[in-house]
Amino acid sequence: MKLSGESLSGNNGFGIDAKVLDYLSREIKKVHDLGIEIGIVIGGGNIYRGLSAKAQGIDSVTGDYMGMLSTIINALALQNSLEKIGIFTRLLSAIDMHKIAEPFITRRAIRHIEKKRIVIFGGGTGNPYFTTDTAASLRALEIEADVILKGTRVDGVFDMDPEKNSHAKMYNKISYADAISKQLKIMDMTAFALCHENKIPIVVFNMNKTDNFKKVCQGQNVGTIVS
């Protein structure tokens, strides 16, 4: 599952909203209770965006590392929230910080998942110039996930921005090729290419609607399938 950092900020636009964090944790618990194995990659845009570094006079590489550290803050917050409601979790970081997270090792991640723990992947890919979308695609492939679920604040993939145009049309299903030709911004192109080449489906859905995450995992007609 890929969650944006912005999803944690609610209507504040910045930081972490405790009520939103609790809501997301309880939605995740509903799926975990079904026996479904879950790995989560979370962004850091609610704290710092590497894309804005240049405007602040910070070089791109430093800005990207600052963004990666932001994902660790969000991952710790999510881990704490999940464990408060009785779910065992493990935080694995692409950047070594052994005091607060385990280093990311593929076999270790898979073993935690086999033990029914939710694994949160922090620190992006550990490299500058790559987004957390790319991290989500990469981790999904490494742990041999069946699908990438991208929780957003809109109902799926549209032909134009539904928040700006009321006439936007939603796709129930779309191919990778059509998504590329129509220039639909589902994920960044590096992440999208990884999914395309390795034939891993993506489901884009509205995480802000109660039970949507559970419905997607049960195969109900929610969101947009890219395959």
Separation between CG of Leu3 and OG1 of Thr132, rounded to the nearest 0.5 Å: 10.0 Å
Set of residues satisfying ring pair (Phe, Tyr, Trp, His ring centres under 6.0 Å) with respect to [X], sequence neighbours excluded:
X      : answer
His112 : none
Tyr176 : Phe192, His196
Tyr171 : none

Among residues at least two apart in sequence or on other chains, which ones pass side chain to side chain donor-acceptor pair (under 3.5 Å) with Asn198? none
Taking side chain to side chain donor-acceptor pair (under 3.5 Å) as the test, write out the residues that go with Glu6, two or more places apart. Arg49
Would Lys2 and Asp133 pass as an ion pair if we require N to O under 4.0 Å? yes
Judged by atom type as modelled, is there a donor-acceptor pair below 3.5 Å linking the side chain of Asp155 to the main-chain atoms of Asn206? no
Pairing residues for [X] by the salt bridge (Lys or Arg N to Asp or Glu O under 4.0 Å) criterion, not counting sequence neighbours:
X      : answer
Glu144 : none
Arg90  : Glu102
Asp146 : none
Lys214 : none

Can you pull out every side-chain hydrogen bond (donor to acceptor under 3.5 Å, both in side chains) where at least one residue sits in residues 71-82? Sequence neighbours excluded, please. Ser25-Ser81, Asn46-Asn74, Gln79-Thr89
Would you mind listing every side-chain hydrogen bond (donor to acceptor under 3.5 Å, both in side chains) that reaches into residues 7-24, with sequence neighbours excluded? Asp22-Arg26
According to the ring-ring contact (aromatic ring centres under 6.0 Å, His included) rule, which pairs have a member within residues 85-105, sequence neighbours left out? Phe104-Phe121
What do the steps show when you test Ile110 against Glu142 for side chain to side chain contact (heavy atoms under 4.5 Å, CB included), and what is the final call? CA-CA 9 Å; Ile110 292 170; Glu142 287 174 308; over 6 Å; no
Step by step, would you call Ile113 with Ile143 a side chain to side chain contact (heavy atoms under 4.5 Å, CB included)? CA-CA 9 Å; Ile113 289 171; Ile143 65 171; 3.8 Å; yes
